[in-house]
Amino acid sequence: MLNKVEAHSMSGFPVARLSGVLLLLLAVAIAAFLHLSLGAKSIDWVTIWQALFEYNPLDMDQVIIRESRQARLIVSVVVGASLALAGVIMQAISSNPLADPGLLGINSGAAFFVVASLLFFPMFGQDYLPVFAFLGAAFAALLVILLSGWEQGSERLVLAGVVVTALFSAMTAILLLIDQQGLEKLRHWLTGAIGASDLKKLQWVYPYLIFAIVCCFTLVRSLNAFHLGERVAASLGVNVLLLKVSGLALVVVLSGCVVTVAGPIGFVGLVVPHVARLLVRNSYAWLFLYSLLIGTLLLILSDIAARIVLRPYEINTGIITAFVGAPVFIALVLRRMK
Amino acid sequence: MKQKQLPSRSVRIKLFSRMSFYARSNDVFWLLFFGLLLLFMLLWGAAIGSYQLSILKSWQIIIAPELAPEKLVRVVWEFRLPRLLVAALCGAALAIAGVILQSITRNALASPGLIGVEAGASATMLVFVVIVPGVIPVFLLPVFAMIGGFIVASCVWLLSSLRGYSPIRLVLVGVGITSMLSAFSEMLITYGDIDLVESALMWLGGSLHQASWPQVKVMMFWLLIAGSLAWLCFRQLNLLILGNKVAFSRGVDNRKAVPFLLLLCVALTSASVATAGTLTFVGLIAPHIARRFCANRHGALIPLSAVIGACLVVLGDSLGRSVFAPLQLPAGLVLVLIGAPYFIVLISRLRKA
């Protein structure tokens, strides 16, 4: 409430929102430090500082941080940010509070295409993996739209997503049953795992990711208008069809990239926009920024949890996000749906 | 009932001397048609496999086992028939559960897996197969899976009726709980011993390779009890799809009818999940196929979708056994593969109409 009043009274310079962003940045920084220090072996903060700024390759602890944890941290940040943005856009263009790339089957479509391409077209280099992931994500999204239609209610959209997820995960399961070694190699990736080696995969996708994230911010004006309703947006000069198609394309690219890097990670795109909307309500520019930061924070925290809950073993990050996200989903349903 | 109130083309069916009811001849025809189709599929399923028989031969062996060579009788009666019958019974049970769930949620996309039975049973099964293998004997596993399914389904029901029941809530809470449980199952699949996981995965995919005669009997028991109770509720279901208010005004209290019907649905689903793993896609498509022949008249819809569901699972299992032989694909996966494209076409057509 305070946010809103101040933003109006000090027209032009949103102090409250900027300070919110700064607070979130601080939280992300603290979480990042925790991420670097906690794990199978706890490392004190001085060593972390040295590893980052006065790197000494002979100190084993510093090597751990530089070689494995730092990579993992970067991957979590990128994954969290992209999933959160994808979630905001999906919920905006479908006008549906329950949209999420994981829940609607887009992630599983991308995952199926990646698995299929690894098994059937090993001759294509790994540079092509993101492209396959985009194809799969787009295909799944089209199926969901075909099943539910644009203007249907939440429930129908979610159920269409469940059907599409069932289809793609069955096909993935069949592929993996046919190719047993594939199961052994891919079963970690298939539940949304973040690992140190993923930094390499990030190099395949970062051009697409940067492009997509920049594009998200160009949609802000149209999304603000669209929030008032489809007709109002059209009367304000927004090309609604173009907005929906480009929004969908962005979701496809963002979640395709995430799936290529870390496997299907669900529920981040569902939870983060809702948390962000508790803080900002009326402007998509701020909503994007807040969601970006909250998504990053959530994923860093989940990754910390994934590594310390069953120390010295690691749980997949995707499983942690499901455990966090599913109760939020249920709470949303119970509060919002009648 | 007076004669003139009846729909135009109908036949009187006498069940016992004092119990008779009227059925449209159309429905009777389709029921017989799919019944014969099921019979044919069973024969075909009994004929194909690593030891190929002709359909005529399998008919002879089933009708008169004492005349056929002993080896063939063993193949058909000990391996193939129980498997086929379990497939058919599970398919029928799931299809009935699907009809019930789609009608009480008034949603064409609802499937019996949605209320958490499947996920609960799978998670329980995985716990006992992967984490604590050997704690309970193998033949009790289905019982535990069934209990797990029941517990999860009642959690979904309680949560969704916490602030007043509504079909949307039921379905969406089910989706939430299901995805949480499947995250748990995935965790076990990812970190478990690969051999244990492998066998659990076969089961989870809806595999029938361990089917035996006792399973046929158990499944038959559940199908007869819960299925016939569901069929006797066809009038309530006919009214419930018109909305709670209409149903209430015609004397169906949805606060009493819905929990009872859900209970039947859970019983049918968990019995078949416990016997044959996750096959629940049948519960989604069989009612839709049946509806093309008899619309939403549940008196005909329930038996017809049961027969169609049985056909589908038998078909899926036979294809899974034969197409990639010697590799056996689980019937559930084959069904999703065949069923999902058909389903997508069907739904998009329904939407346009």
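Below, chains carry the letters A, B, ... as their sequence lines are ordered, and counting in each starts from 1. Heavy atoms only: backbone and side chains are in, while hydrogens, waters and symmetry mates are out.
Within 6.0 Å of CZ on B:F150 lie more than 12 heavy atoms contributed by other residues, nucleotides or ligands. Applying the 6.0 Å contact sphere to CZ of B:R292 captures no more than 12 heavy atoms from other residues, nucleotides or ligands.
Proximity to chain A (any heavy atom under 4.5 Å) is shown, for B:I177, by both the backbone and the side chain. Within the 4.5 angstrom heavy-atom criterion, only side-chain atoms of A:L103, from C-beta onward, approach chain B. The part of B:S160 that comes within reach of chain A is its backbone (N, CA, C, O), which places non-hydrogen atoms under 4.5 angstrom from that chain. For B:L335, no part sits under 4.5 Å from any heavy atom of chain A, backbone or side chain. Using a 4.5 Å cut-off between heavy atoms, B:Y165 does not touch chain A at all.
Proximity of A:N316 to B:M187: side-chain heavy atoms (C-beta onward) are nowhere separated by under 4.5 Å. The shortest distance between side-chain heavy atoms of B:L114 and A:L159 falls below 4.5 Å. Residues B:V173 and A:F329 have side chains not in contact (no heavy-atom distance under 4.5 Å, counting atoms from C-beta outward). Residues A:F267 and B:S179 are in side-chain contact: their nearest non-hydrogen atoms beyond the backbone lie under 4.5 Å apart.
Note that the CG atom of B:N107 and the CZ atom of A:R156 stand 7.0 Å from one another [nearest 0.5 Å]. Between the CG atom in B:L172 and the CG atom in A:L334 there is a gap of 9.5 Å [rounded to 0.5 Å]. Once rounded to the nearest 0.5 Å, the distance linking CD1 of B:I344 with CG of A:L146 reads 7.0 Å.
Heavy-atom pairs under 4.5 Å with chain B peak, among A:I320, A:V164, A:V163, at A:V163.
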When you look at A:L167 and B:F281, which way does the side chain to side chain contact (heavy atoms under 4.5 Å, CB included) test go after all the steps?
CA-CA 9 Å; A:L167 170 65; B:F281 209 75; 5.9 Å; no
Could you please spell out the steps behind the side chain to side chain contact (heavy atoms under 4.5 Å, CB included) verdict for B:I168 and A:V333?
CA-CA 9 Å; B:I168 300 186; A:V333 168; 5.9 Å; no
Checking side chain to side chain contact (heavy atoms under 4.5 Å, CB included) for the pair B:F343/A:L147: CA distance, chi angles, key distance, verdict?
CA-CA 9 Å; B:F343 183 68; A:L147 268 177; 4.2 Å; yes
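Across A:A160 and B:L109, no two heavy atoms sit closer than the pair N-CD1, 3.7 Å. Looking at every heavy atom in both residues, A:P327 comes nearest to B:M180 through CD-SD, 3.6 Å.
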